[in-house]
Amino acid sequence: MSNTRTQWNVPSSAIAKRAHNPIRQIVDKLKLDPQATKTFISLSVGDPTVFGNFNIDSSANDAIIRQLHSFKHNGYGPAHGTADARQAVADMVTLPEAPVTANDVVLANGCSGALDICVNVLGNPGQNILLPRPGFSLYGSLAAIRSLESRYYNLLPESNWEADLAHMESLIDDQTCAILVNNPSNPCGSVYSREHLQAILALAAKHHVPIIADEIYCDLVFKGNTFYPMASLTSEVPILSVGGLAKKWLVPGWRVGWIVVYDQNNVFEQIREGLLNLSQVILGPNSIVQAALPDILHRTPDQFYQDTITQLEENTQLSMDAVSKIPGLKPVQPQGAMYMMVGIDVSSFEGIKDDVEFSQKLLAEESVLCLPGECFNYPNFIRIVITPTKDRLEEAYQRMAEFCSRHHK
Ligand SMILES: Cc1ncc(COP(=O)(O)O)c(C=O)c1O
C-alpha cells in the first residue's frame with residue numbers, strides 16, 4: 001500500500017454532491033428587504049406550530065410527562081420501534097379489508113425517515129420511481145441520493161389535481177420500482193376520490209408496480225370529502241403507507257413517523273426483511289415519545305381533531321375569498337391538508353416573468369413570503385400555507401392585493 005498524498009484534499013462524497021433540497025436553494029434566493037418596515041409574514045413553512053394557534057392536545061403532553069417520570073424509557077429500544085408503539089399504530093390503521101398487526105409496522109424518524117427507508121428498500125441505482133408534479137420536494141431528493149431516476153407524472157389543477165393517468169402509465173417501464181402517491185396532498189391540498197385512487201391502483205396492478213402511499217395528511221379533510229387509505233381499496237397491490245405525528249397531531253418536531261406494510265399476497269417478503277435491515281442502521285424515534293404513542297394515538301379526544309379541521313376549514317374559506325378577488329391570481333380550492341395552490345397569470349403582470357420573481361418581489365416589497373411553485377416542480381403557481389392566525393392571513397392577503405394591483409397591467 002502506498003500513499004502519494006502530499007497535501008490536504010478532502011472532497012465531499014458523490015452522495016453528498018447528489019444530496020440537495022430544492023426548496024432551500026430557491027428560498028435562499030428570496031431576500032427580505034433589510035430596510036423593510038412591515039412585519040414579516042411567512043406563508044411558506046408547512047409547520048403548523050409557528051403561529052401558536054395550532055397546538056397538540058394537552059393530554060399528549062401529559063402522556064409524555066408520565067413516561068418521563070417513570071424512568072422506564074431512557075434506554076435503547078428495538079430498532080424498528082417498541083412492540084407497544086408499533087401495536088398502537090397497527091390498531092389505528094388496521095382495516096377489515098386489509099388487516100395489519102404490530103409486525104407490519106416500522107417506526108422511523110418522522111415521515112421523512114419513513115420515506116427514506118421506503119425509497120431505499122424498493123429502489124436500486126439506475127431504476128426509476130414515479131413521483132407527483134407538483135409534489136413534495138423530498139421525494140426527488142431521496143431518489144437523487146439513491147441514483148434513482150425521478151419520473152414526474154402530471155397532476156391536473158383543472159381536475160382537482162388528479163393524476164393524469166395516461167401520462168402516469170406512459171412513464172412506467174420494467175425498471176419502475178414504485179409509484180408514489182401523496183393523498184391528501186402537499187402542496188395541492190387535494191383529496192382524491194375513491195374512484196381516482198382505484199384507477200391508480202388499477203394501473204399499479206396492471207404493471208405490477210408497488211405503491212408508496214404518503215398519507216401523512218390522513219384525515220385532515222374538509223366537509224364533503226373523505227380520506228380513503230389506499231390500502232382499503234385493493235387486495236392485490238402491495239403498499240407501503242407512511243404517516244406520522246407531524247400533521248394530524250401537530251407536532252412535527254417530535255419526529256415520529258411510521259411505515260405500514262399492507263401486503264395481502266406476500267409479495268413483500270424480501271421487502272419486509274429489507275425494511276428491518278434498514279431500520280437497524282439508525283434507531284427509530286426517541287424512546288419517550290414512543291412510550292407515549294399508545295396514549296397519543298388512542299386517547300386524544302375527538303374534539304381535538306374536530307377543532308383542527310374547523311380551524312383549517314375557516315382559514316381555507318378566508319383564503320379562497322380573499323385571494324380569488326385579487327386580479328391575476330387564481331386559487332385552486334383545497335379539500336384538505338394545510339395548503340392552497342394559487343395560479344399566477346404572469347402575462348397580466350408588468351415586470352414579473354415567473355413565480356420565483358413574483359415571490360421575490362412580494363417578499364421585498366410587502367415582507368410576505370410564499371413558496372414559488374418551482375419548489376414543487378410546478379412553475380407559475382405559488383403555494384400558500386393556511387395555518388397562520390386569521391389576522392395574519394388577512395394582513396398578508398391585503399398586502400398581496402396591494403402588490404398585485406401595483407404590478408397588474
Ligand atoms: C407530503 C409530506 N410528506 C412527508 C412530510 C415529512 O413529515 P415529517 O415532518 O414527519 O418528516 C411532509 C412534511 O411537510 C409532507 O408534507
Asks: If we ignore angles and hydrogens, is there a donor and acceptor under 3.5 Å between the side chains of Glu169 and His207?
Replies: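 Result is yes, a qualifying pair exists.
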
Asks: Does a side-chain heavy-atom distance below 4.5 Å link Trp258 with Leu245?
Replies: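 Trp258 vs Leu245: side chains touch.
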
Asks: Would a 4.5 Å heavy-atom cut-off, applied to side chains only, mark Ile352 and Lys361 as touching?
Replies: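 Yes, their side chains come closer than 4.5 Å.
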
Asks: CD of Gln198: more than 12 outside heavy atoms within 6.0 angstrom?
Replies: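 Correct, the count exceeds 12.
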
Asks: Please examine the side chains of Thr226 and Tyr228, heavy atoms only from C-beta on, and report whether any two atoms are closer than 4.5 Å.
Replies: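 Sidechains of Thr226 and Tyr228: in contact.
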
Asks: Once you round to the nearest 0.5 Å, how far does OG of Ser112 lie from CD1 of Ile117?
Replies: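 Reported to 0.5 Å precision, the distance equals 11.5 Å.
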
Asks: When you check the side-chain N and O atoms of Asp84 and Thr82, is any donor under 3.5 Å from an acceptor?
Replies: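 No.
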
Asks: May I ask you to check whether Asn53 and Gln311 show a side-chain donor-acceptor distance below 3.5 Å?
Replies: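 Yes.
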
Asks: Under a 3.5 Å cutoff, is there a donor and acceptor pairing between the side chains of Asp173 and Asn128?
Replies: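 Note: Asp173 and Asn128 side chains meet the donor-acceptor criterion.
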
Asks: Report yes or no: do Asp321 and Gln317 form a side-chain donor-acceptor pair below 3.5 Å?
Replies: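 Looking only at side-chain atoms, Gln317 and Asp321 do form a donor-acceptor pair, the distance falling under 3.5 Å.
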
Asks: Is the gap between the ring centers of Trp249 and Phe54 under 6.0 Å?
Replies: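 That pair fails the under 6.0 Å test.
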
Asks: Side chains of Gln335 and Ser190: do they bring a donor and an acceptor to under 3.5 Å?
Replies: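 The answer is no; no qualifying pair exists.
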
Asks: Got a second to check how far Asn315's CG is from Lys390's NZ, nearest 0.5 Å?
Replies: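 Between atom CG of Asn315 and atom NZ of Lys390 there are 4.5 Å.
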
Asks: Salt-bridge test for Glu394 and Arg392: reply yes if a basic N is under 4.0 Å from a carboxylate O, no otherwise.
Replies: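 The answer is no: the pair does not qualify as a salt bridge.
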
Asks: Is there a side-chain contact between Phe268 and Leu275 (heavy atoms, below 4.5 Å)?
Replies: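 They are not in side-chain contact.
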
Asks: Ignoring hydrogens and geometry beyond distance, is a side-chain donor-acceptor pair present between His408 and Ser348 at under 3.5 Å?
Replies: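 Judged by distance alone, the side chains do pair up.
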
Asks: Within the structure provided, determine whether Leu115 and Tyr139 are in side-chain contact (heavy-atom separation under 4.5 Å).
Replies: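 Counting from C-beta outward, Leu115 and Tyr139 do come under 4.5 Å.
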
Asks: Atom CZ of residue position Arg406 - does it have more than 12 heavy atoms of other residues, nucleotides or ligands inside 6.0 Å?
Replies: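 Enclosed.
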
Asks: Regarding His73 and Gln67, do their side chains bring together a donor and an acceptor under 3.5 Å, going by distance alone?
Replies: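 Distance-only check passes for His73 and Gln67.
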
Asks: Check whether Tyr217 forms a cation-pi arrangement with Lys248 (NZ or CZ under 6.0 Å from the six-membered ring centre, at most 45° off the ring normal).
Replies: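 Cation-pi check for Lys248 and Tyr217: fails.
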
Asks: Are Phe358 and Val346 side-chain neighbours, meaning at least one heavy-atom pair lies under 4.5 Å?
Replies: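 Contact flag for Phe358/Val346 side chains = no.
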
Asks: Asp307 and Gln303: side-chain donor and acceptor closer than 3.5 Å?
Replies: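 The criterion, which ignores hydrogens and geometry beyond distance, is satisfied for Gln303 and Asp307.
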
Asks: Less than 3.5 Å apart, any donor N or O on the side chain of Asn377 or Arg133 sitting next to an acceptor on the other?
Replies: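 Side-chain D/A pair, Asn377 to Arg133: absent.
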
Asks: Are side-chain heavy atoms of Ile64 and Ile288 found at a separation under 4.5 Å?
Replies: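 Heavy-atom side-chain distance check passes, below 4.5 Å.
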
Asks: Give a yes-or-no answer on whether the side chains of Glu236 and Asn265 include a donor-acceptor pair shorter than 3.5 Å.
Replies: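 The answer is no; no qualifying pair exists.
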
Asks: Do the side-chain N and O atoms of Arg272 and Asn103 include a donor-acceptor pair separated by under 3.5 angstrom?
Replies: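 There is no such pair between these side chains.
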
Asks: If I take atom CZ from residue Phe304 and atom CG from residue Asp57, how far apart are they, to the nearest 0.5 angstrom?
Replies: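 One finds 6.0 Å between CZ of Phe304 and CG of Asp57.
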
Asks: Measuring from atom CG of Leu363 to atom CD1 of Ile41, what distance do you get when rounded to the nearest 0.5 angstrom?
Replies: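 That separation rounds to 11.5 Å.
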
Asks: Answer yes or no: are there more than 12 heavy-atom neighbours, outside Glu158 itself, under 6.0 Å from its atom CD?
Replies: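 Correct, the count exceeds 12.
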
Asks: Taking all non-hydrogen atoms of both residues into account, name the closest pair between Cys118 and Val242 and its distance.
Replies: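 What the structure gives for the nearest pair is SG-CG1, 3.7 Å.
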
Asks: Do the side chains of Leu393 and Ser319 get nearer than 4.5 Å, heavy atoms only?
Replies: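 Yes, side chains in contact.
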
